[in-house]
Amino acid sequence: MTFSNDKAIYIQMADRLCDEIISGKYEDDARIPSVREYAVLLQVNTNTAMKAYDQLARDEIIYNKRGLGYFVMPGAKQKIMEARRKEFMDQTLPELFRNMRMLGIDIDDVKKAWEKG
């Protein structure tokens, strides 16, 4: 995975796991890779991976079964999607609208592009 400089690595790792949950790679109550496995996979320090897992556990996206590993919390996919929709509506969309106004793009232009794609 190539990391960007705009977010902390552990947050990007947590986002990636969330992407994998949304895509269906990990279903409710499915075991996810161990902290060590994920750190090796993404070539990061184990402490960084642990920080990502801790964040996801605090956000109730994953849970730990002592001695067995980490698992996807039931309802995690929906929770992630709701949070991302809210972020999109509150942050991305206003910026997009600002750019559209500045460039003279109206909703009909967007609709035509949507229908093409």
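Since this is a predicted model, take the numbers as computed values, not measurements.
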Could you give the side-chain donor-acceptor pairs of residues 107-117 under 3.5 Å, partners two or more places apart or in another chain?
from	atom 1	to	atom 2	distance (Å)
D109	OD2	D106	N	3.1

When rounded to the nearest 0.5 angstrom, what distance separates [atom1] in [X] from [atom2] in [Y]?
| X | Y | atom1 | atom2 | result |
| --- | --- | --- | --- | --- |
| S34 | L68 | OG | CG | 12.5 Å |
| L17 | L56 | CG | CG | 6.0 Å |
| I80 | Q78 | CD1 | CD | 10.0 Å |

Partners meeting salt bridge (charged side-chain N to carboxylate O under 4.0 Å, His left out) with R16 (sequence neighbours left out) | E20
Residues in salt bridge (charged side-chain N to carboxylate O under 4.0 Å, His left out) with D19, at least two apart?
-> R84
Can you tell me which residue pairs pass the salt bridge (Lys or Arg N to Asp or Glu O under 4.0 Å) test with a partner in residues 73-83, sequence neighbours excluded?
-> E60-K79
Selection residues 35-47 - residue pairs positive for salt bridge (Lys or Arg N to Asp or Glu O under 4.0 Å), sequence neighbours left out | R31-E37
Following the transitive rule for hydrophobic clusters with a side-chain heavy-atom cut-off under 4.5 Å over Ile, Leu, Val, Met, Phe, Trp and Tyr, establish whether L96 and M102 coincide in one cluster.
-> no
Contact check, side chains of D28 and M73, non-hydrogen atoms, under 4.5 Å | no
Write out all pairs satisfying ring-ring contact (aromatic ring centres under 6.0 Å, His included) with one or both partners inside residues 68-95, taking only residues at least two apart or from two chains.
-> Y53-Y70, Y63-F71
Selection residues 85-105 - residue pairs positive for side chain to side chain donor-acceptor pair (under 3.5 Å), sequence neighbours left out = K86-D90, E95-R98
Could you tell me which residues satisfy side-chain hydrogen bond (donor to acceptor under 3.5 Å, both in side chains) with N5, sequence neighbours excluded, listed by chain and number?
-> none
Could I get the full list of side-chain hydrogen bond (donor to acceptor under 3.5 Å, both in side chains) partners for D59, not counting sequence neighbours?
-> Q55
Apart from Y10 itself, what residues make up its hydrophobic cluster, given side-chain heavy atom links below 4.5 Å?
-> I11
A76 and I61 have their tightest heavy-atom pair at CB-O, 3.5 Å
List the atom pairs, with distances to 0.1 Å, where a side-chain N or O of residues 40-51 and a protein N or O form a donor-acceptor pair under 3.5 Å, not counting sequence neighbours.
from	atom 1	to	atom 2	distance (Å)
N45	OD1	N47	N	2.6

With sequence neighbours left out, write down each residue that passes side chain to side chain contact (heavy atoms under 4.5 Å, CB included) with S23, or none if nothing qualifies.
-> K25
